[in-house]
Amino acid sequence: MSTIPVPPAVKPRLVLIGNGMAGVRTVEELLKIAPDRYDITIFGAEPHPNYNRILLSPVLAGEMTVSDIILNEYDWYRQHGITLHTGKQVVKIDRVARKVVADDGSEVPYDRLLIATGSTPFMLPIPGNDLPGVIGYRDIKDTDEMIAAATQHKHAVVIGGGLLGLEAANGLKLRGMDVTVVHIGPWLLERQLDETAGRMLQQSLEAKGLKFLLQKQTEALIQGERGRVAAVRFKDGMQIPADLVVMAAGIRPNYALAEQSGIYCNRGIVVNDTMQTYDPKIYAVGECVSHRGIAYGLVAPLFEQAKVAANHLAGYGIGRYTGSVTSTKLKVTGIDLFSAGDFMGGEGTDDIVLNDPAGGVYKRLVLRQDKLVGAVLYGDTSEGPWYFQLIKDERDIHDIRDQLIFGQSLVGDAGHQGESRAASMPDEAEVCGCNGVCKGTIVKAIKEQGLFSLDEVKKHTKAASSCGSCSGLVEQILASTIGGAYTPAASDKKPICTCSEHSHQAVRAAIRERRLTTKEAVFAELGWSTANGCEKCRPAINYYLISTWPHEAKDDPQSRLINERSHANIQKDGTYSVVPRMWGGLTTPNELRAIADVAEKYQVPTVKVTGGQRIDLLGIKKEDLPGVWADLNAAGMVSGHAYGKSIRTVKTCVGAEHCRFGTQLAMDMGVKLEKMLFDMYAPHKVKLAVSGCPRNCAEAGIKDVGVIGVDSGYELYVGGNGGIKTEVAQFLCKVKSDEEVMEYAGAFLQLYREEGWYLERTCHWLERVGLDYVKGQVVDDDEKRKALHGRLLDSLKNARDPWQTSREGEAKKQFIPIAVDA
Amino acid sequence: MSHWTLICKLDDIPPLGSRIVRPEKGGDIAIFRTADDEVFALHDKCPHKGGPLSQGLVHGKRVACPLHGWNIELDSGQVVAPDVGHCERFSVKVEQGDVWLAC
Ligand code: SRM
Ligand SMILES: Cc1cc2nc3c(=O)[nH]c(=O)nc-3n(C[C@H](O)[C@H](O)[C@H](O)COP(=O)(O)OP(=O)(O)OC[C@H]3O[C@@H](n4cnc5c(N)ncnc54)[C@H](O)[C@@H]3O)c2cc1C
Ligand code: SF4
Ligand code: FES
């Protein structure tokens, strides 16, 4: 045999230093988008696979075990072909030879290097800080040592009254030790809390048996007879017994290794917005990094960094890390403390404070101009996620400012976010009604599978994966289970789906600004990871295309979900329902006769009056749809679009036409509106109602646009919703004539059509952009309003009845099954 | 023994779309066409609650069920995680623009 040896295709080598949370997360993100790109080697100084460091606190408290908190088992590394060196510390990076050297002498060359060495606890520079029994609180080893100390010794002293120190103290107390927390500040968490709240926290912790020494400066740690630490001495001469001293006085980024190899460091490894160090072959993420002068010490921002680093390592080069707003939560069971954003405040900020010492509740909101920039909550943290979202979204809050401190439910714009009661819900409480998932299941999955995002919870538990109305609640459960490790993305940054990183906002903007008119162009321009999207992004993109370029972009039936593709509602048994339009809820004997005839001819099993003032024919076979439509069309009826993200109904009351109280011709106004909007697609369905007087028999108060006749004209209301969560419509303005109703309502809906995100009802869109913004476009600015209304009419100028157009030609094929005699 | 039956022209199925084939005996069969003109056939019945897969949305080599959105691999009939299940599949081939089904 004489074959010429072919060298195996060699992949570039990626070496990761630091088998911790940020580094391994980067590798996970990388494997997701470029699974085969690198030959990967990981060095970890700890003798463990990657674990969830933040859950060391519950481990110490005896609420979880070490095996519960492993994030990636050894098997995971094996399955992905990763060479893992645990218990080996890298001692040298040789940038010239492009290799790393570990403490056991092993050397591994790299093409790309990722440094994620985390940080180490800061040990106060005082005599005795190296005695046995003096430790930091950082890893499994420290935690084991604390647990062991608790079985043999009595007195523990924790130096530092920050979040980490309090969690350590709480755990040691639960393990049976006598614990004193020493803190240099005047009260606990003096950076987050003011004095009153700090004292409230101290009292609750004292009730759990912890002792505190405030404004004490530690001078030395005293050695006992057996060589171990035995006492702590303070500057004022006081001395207390201590068999275990835990230093929780801050952390120091681990950058010595990088610095020694000549990589530029400045209190952390300096990286740019792509997480690249000054050596272009070397990236760095996590606590060891200094990004725009900030070293983050919480998981959520590190995960954002990981995503960006992975994208650049994969060679896509999209995405920048521009910094994070963070939130934290004290993980001491029974004590609720949450802080987010810039809670310190300062020049140019205002505080709104609610202080109820007797009730054990303290809330402080920090505002800069009309935006919420920070929040501290103690005692009742249920509104934390909402405030955090407002901070991240930089939402203008001036319209809700006076009620902000009382929380989302009082503000009355809770939307579909779910009541903020996640923390107090019992484990058996059902969270996701669609898939029957209860809180306990979600919490368990979050902890055991190490989930950090809403998407991951959806994937693992199915919660929030159907109608989505519980996603707010699930996010709160995430926040209350993993604390600061959870960061909701700013709303306008959440990816549409898993096919890309791009948000609805970004896709809309790209379609408009780059004049994209086909889905293929969108996928190519924006680097979609799938060839033709999925059932989540395709319908959204199709809508964005046709609403942005109504005459240029061609509607793509295969990007529409079945109801819109077959112009009828699919039923659970695969048959369809047909709802002909009854303009303004009006009908005639002729129409009713035609409906009756159709019902008999096609043996329609159920005929029902809908909640939308019209008649539903249920249980029709797909192949009969064209026939049914033809008969209805012949009687002058058209599609009611009861299936579409489109104009549904305009409900009316009898109005001044008949009613003794009527002030305006409600039926007439309703029919005119419905005719104007015929065949209008939107981000979600759109419902209107017109009532003849404020008695409001057409229920205009819960419609996307509600019109109420008054003596002098009409009042217009917008953003109502009668569905999953009832939302009362907000007053937009008052107008005088029918023409104005059409113009204002039309402009409002066109703004929603142009700027709303797919599957966002008007109430959600309004919650996001604020009523003031909408008024600015639709009410205050005559020119803009007329232009919006004009664009609406223009995009509907070729409106045709889909029942008419889809029972001919190619479009008809979908209704005809192919018969084979086999 | 199954044998090849001529079903339709490739162009009778829209790209990223599907058609129903109704054999004399047995349930409906859904045939799918991907963006690359590959053709697949599955029993037209979702393993979840029997939804007609032919009415789903085709993407990549998958179809999303029209009823509750389960995803099913067109080439294997396997349900995509986290859901679990399997859907019967049939052999299909395309020759000179004609679609043949083994049934
Ligand atoms: C037929 C009808 C029930 C009835 O027998 O009365 C109905 C039937 C359905 N509704 Fe509805 N809704 C009907 C009036 C309503 C109303 C009342 C109204 O319009 O005044 C509401 C509350 C008002 C509102 O929308 O604000 C309503 C709120 C919903 C919601 C929740 C929407 C929300 O934003 O919270 C959904 C779910 C969705 O759209 O995502 C929904 C979804 C559905 C779907 C389409 C579910 C589906 O996707 O299969 C139902 C189709 C059933 C079928 O098999 O045909 N339906 N639905 C009503 C048709 C009215 C019409 O003539 O077009
Ligand atoms: C008890 C505790 C509770 C916490 N609670 C929270 C919380 O509630 N919320 C939150 O957001 N954050 C919390 N944190 C902080 C969070 O854990 C860290 O921000 C996060 O783990 C940092 O990730 P990293 O990858 O940068 O560092 P690490 O996770 O520390 O990983 C770095 C790894 O690199 C290894 N390493 C270092 N140098 C070398 C070398 N030369 N060679 C090989 N390996 C090396 C280290 O041994 C370590 O395993 C908590 C931390 C602790 C200790
Ligand atoms: S409320 Fe609406 S969606 Fe729910 S079962 Fe009734 S018709 Fe269906
Ligand atoms: S029947 Fe297919 S997903 Fe439920």
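Labels below follow one simple rule: chain letters A, B, ... track the order of the sequence lines, proteins then strands, and each chain is numbered from 1. On a predicted model such as this, the values are computed, not experimentally measured, just so you know.
Around atom NZ of A/K813, more than 12 heavy atoms belonging to other residues, nucleotides or ligands sit under 6.0 Å away. Under a cut-off of 6.0 angstrom, the local environment of NZ in B/K93 is crowded, with over 12 non-hydrogen atoms contributed by other residues, nucleotides or ligands. Heavy-atom contacts from other residues, nucleotides or ligands closer than 6.0 Å to CD of A/E808 number more than 12.
B/H59 approaches A/G533 most closely through the heavy-atom pair CB-O, 3.2 Å. Residues A/N532 and B/G60 approach most closely at OD1-N, 2.5 Å, considering heavy atoms. Nearest approach of A/G574 to B/P52, heavy atoms of both residues: CA-CG, 4.1 Å. Annotation for B/L16 and A/Q558: closest pair O-OE1, 3.4 Å, computed over non-hydrogen atoms. When all heavy atoms are compared, the tightest approach of A/R565 to B/Q55 is NH2-O, 3.5 Å.
No side-chain heavy atom of A/K572 sits less than 4.5 Å from a side-chain heavy atom of B/K49.
The structure places OG of B/S54 at 7.5 Å from CD1 of A/I562, a figure rounded to the nearest 0.5 Å. Here CG of B/L6 is found 9.5 Å from CD1 of A/I818. Values are rounded to the nearest 0.5 Å.
Within the 4.5 angstrom heavy-atom criterion, only backbone atoms of A/R560 (N, CA, C, O) approach chain B. Looking at A/E520, neither its backbone nor its side chain comes within 4.5 Å of chain B, counting heavy atoms on both sides. Contacts between A/Y576 and chain B at a heavy-atom distance below 4.5 Å involve the side chain alone, from C-beta outward. Of the two parts of B/N71, only the side chain, counted from C-beta on, holds a non-hydrogen atom closer than 4.5 Å to a non-hydrogen atom of chain A. Only the side chain of A/P539 comes within contact range of chain B, with heavy atoms under 4.5 Å apart.
Most heavy-atom pairs under 4.5 Å with chain A: of the set B/L57, B/D36, B/I20, this distinction falls to B/L57. Comparing B/I7, B/V58, B/D12 by how many heavy-atom pairs each has under 4.5 Å with chain A, the most go to B/D12. Heavy-atom pairs under 4.5 Å with chain B were tallied for A/Q571, A/K622, A/H460; the largest tally goes to A/K622. Ranked by non-hydrogen atom pairs under 4.5 Å with chain B, the options A/A819, A/S559, A/P817, A/C499 are led by A/P817.
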